[in-house]
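Below: the structure, in structure tokens.
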Amino acid sequence: MRASRRWAFLVRRLGFYLAAAAAAVALNFLLPRLMPGDPSSAIVEELERVSGQQVPAETLMSIRAIFGNPSDNLAEQFVDYLRQLGHFDLGVSVVNFPVPVADLVWQALPWTLLLVGTTTVAAFAIGTLLGVVAGWKAGSRFDALLTPFTTFLSSVPYFWVALLALWVFGFVLGWTPLSGGYDADLPQGFSFAYAVSVLHHGALPAATIIISAFGGWLLGMRNMTVTTVREDYVLLAQAKGLSPGRVMLRYAARNAMLPSFTGFAMALGGVVGGALLTEIVFSYPGIGYLLYEALQKRDYPMMQGVFLLITLAVLLANLVADLAYVVLDPRIRARG
């Protein structure tokens with residue numbers, strides 16, 4: 001009976017996310033077309049601005065054949081859009097013409113996953129573990145020192161942390177590069193020198209993300225742990241004589257981390273979008289910096305491709321969180 005309820009729950013959630021993905025695809029198609037301007041017109045305006053002459057009719061037809069004609073029927077455009085998506089075709093970048101958007105996204109994605117993905121997991125792990133200990137020992141010297149310090153860190157805007165770190169360690173001390181993801185003089189590939197260069201360039205951005213993010217996880221986990229340690233099942237486990245470490249991790253932390261896990265899933269979904277401010281401040285070649293350049297230069301196909309990727313990543317992360325909830329929370333398994 002319980003197994004059937006579990007499957008019913010999973011099927012309902014899967015149906016919800018499929019519907020949400022379909023809505024996201026439709027909105028991703030409609031929103032750029034509801035905005036003023038279109039890729040074809042933007043290219044024509046740029047060509048006319050550079051050359052100082054009107055674009056010939058043949059050139060205009062070629063541009064519209066590639067980037068679409070805004071005067072075409074909307075339904076026909078949507079069908080073409082779905083057909084392109086079916087072939088993983090996100091269009092052609094206006095700024096980097098004729099490079100496909102998908103190629104640029106695939107080039108930038110590993111950088112974002114490496115930097116933002118690893119730091120998100122590290123900040124969550126550090127903050128959650130310290131938060132459990134602080135909550136378990138609420139009122140101790142460890143808690144009294146750590147909690148105000150992390151509250152202060154969480155209240156400082158990230159861009160101040162990033163700019164200050166870049167000025168001190170990059171400009172004044174010269175310990176870290178000022179921009180980029182690797183040394184441009186090195187050939188890209190699997191070599192020791194290239195790996196060291198990537199780590200050297202990524203160390204400071206990674207440190208700023210972890211410093212700014214782990215405090216939020218810590219405070220949330222601490223407060224939930226303080227509440228959980230007073231629950232009957234924790235007191236019963238202590239009365240049975242179980243070791244404090246086992247009671248803290250298996251009984252208190254496991255139940256206290258459910259709200260944090262939801263936030264972690266959302267954060268993982270946002271990894272694909274990149275830490276926009278981080279990649280802008282450090283000129284890091286990830287998805288966030290790609291989106292920043294696309295917004296600046298009105299590269300509509302690029303914006304559309306990145307937005308769709310971010311939306312689908314967030315939905316996938318939430319689906320994984322729902323699946324994990326079935327494992328972590330016995331109440332969901334019971335209710336179905």
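Bear in mind that the values here come from a model prediction, so they are computed numbers and not experimental data.
- Residues Leu249 and Ala253 share a closest heavy-atom pair of O-CB, 3.4 Å.
- Put simply, the side chain of Ser179 never gets that close to the backbone of Phe282: no donor and acceptor are under 3.5 Å apart.
- The shortest heavy-atom contact between Pro285 and Gly181 is CD-N, 3.6 Å.
- Residues satisfying the side-chain hydrogen bond (donor to acceptor under 3.5 Å, both in side chains) test with Tyr233, not counting sequence neighbours, are none.
- With rounding to the nearest 0.5 angstrom, the CG atom of Leu218 is 5.0 Å from the CG atom of Leu146.
- Nearest approach of Ala162 to Val281, heavy atoms of both residues: CB-CG1, 4.0 Å.
- Every residue meeting the side-chain hydrogen bond (donor to acceptor under 3.5 Å, both in side chains) condition with Arg83, not counting sequence neighbours, appears here in chain and number order: Asp80.
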- Task: Take Val247 and Gln238 through the side chain to side chain contact (heavy atoms under 4.5 Å, CB included) test and state the conclusion after the steps.
- Result: CA-CA 7 Å; Val247 177; Gln238 290 174 318; 3.9 Å; yes

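- Note that the OG1 atom of Thr119 and the CD1 atom of Ile209 stand 4.0 Å from one another [nearest 0.5 Å].
- Residue pairs meeting the ring pair (Phe, Tyr, Trp, His ring centres under 6.0 Å) criterion with at least one member in residues 117-147, sequence neighbours excluded, are Phe124-Trp217, Phe124-Phe264.
- If you chain together hydrophobic residues whose side chains sit under 4.5 Å apart, Leu145 and Val132 never meet in one group.
- Under the 4.5 Å side-chain contact rule for hydrophobic residues, Ile211 and Ile126 share a cluster.
- Separating the CG atom in Leu277 from the CG atom in Leu163 is a distance of 9.0 Å, to the nearest 0.5 Å.
- Counting side-chain heavy-atom gaps under 4.5 Å among Ile, Leu, Val, Met, Phe, Trp and Tyr, the cluster of Val196 also holds Phe192.
- In terms of modelled atom types and a separation under 3.5 Å, the side chain of Thr227 and the main chain of Asn223 share a donor-acceptor contact.
- Placement of Val79 and Leu85 in two distinct hydrophobic clusters is found when ILVMFWY residues are connected by side-chain heavy-atom separations under 4.5 Å, directly or transitively.
- Each ring pair (Phe, Tyr, Trp, His ring centres under 6.0 Å) pair with one or both residues in residues 193-214, not counting sequence neighbours, appears once here: Tyr182-Tyr194.
- The only member of Leu291, Leu90, Leu295, Leu290 that meets side chain to side chain contact (heavy atoms under 4.5 Å, CB included) when paired with Met302 is Leu290.
- Here Thr147 contributes atom OG1 and Phe152 contributes atom CZ; the two are 15.0 Å apart, rounded to the nearest 0.5 Å.
- Donor-acceptor pairing under 3.5 Å is lacking for the side chains of Tyr251 and Thr228.
- With a 4.5 Å cut-off on side-chain heavy atoms, Leu82 and Val25 count as touching.
- Inter-residue side-chain proximity for Val229 and Leu235 is flagged as unmet; no heavy-atom pair is nearer than 4.5 Å.
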Return a table of donor-acceptor pairs under 3.5 angstrom between the side chains of residues 303-321 and protein atoms on other chains or two or more places apart.
unit_1: Gln304; atom_1: NE2; unit_2: Asn28; atom_2: O; d: 2.9
unit_1: Thr311; atom_1: OG1; unit_2: Phe307; atom_2: O; d: 2.8
unit_1: Asn318; atom_1: ND2; unit_2: Val314; atom_2: O; d: 2.7

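- At a threshold of 4.5 Å between non-hydrogen side-chain atoms, the residues Leu114 and Val198 count as touching.
- Side-chain contact between Val99 and Val92: absent, with no pair of heavy atoms (C-beta onward) separated by less than 4.5 Å.
- Ring to ring, Tyr289 and Tyr284 are not that close: their centroids are 6.0 angstrom or more apart.
- If you take OG on Ser93 and CD on Glu293, they are separated by 9.5 Å, rounding to the nearest 0.5 Å.
- Here the closest non-hydrogen pair linking Leu178 and Gly170 is CD2-C, 3.5 Å.
- Residues Val156 and Leu204 share a hydrophobic cluster, clusters being chains of Ile/Leu/Val/Met/Phe/Trp/Tyr side chains in contact below 4.5 Å.
- Contact of the Val116 side chain with the Thr278 side chain is not registered, since no non-hydrogen atoms from C-beta on lie closer than 4.5 Å.
- When all heavy atoms of Leu186 and Ser197 are compared, the pair lying nearest together is CD1-CB, 3.6 Å.
- The minimum heavy-atom distance linking Leu115 with Gly202 is given by the pair CD1-O, 3.9 Å.
- No chain of hydrophobic side-chain contacts below 4.5 Å, direct or via other Ile, Leu, Val, Met, Phe, Trp or Tyr residues, connects Met221 to Val226.
- Side chains of Leu166 and Phe171 form no contact here, defined as non-hydrogen atoms less than 4.5 Å apart.
- Of the inter-residue distances, the one linking Lys137 atom NZ with Arg222 atom CZ reads 13.5 Å to the nearest 0.5 angstrom.
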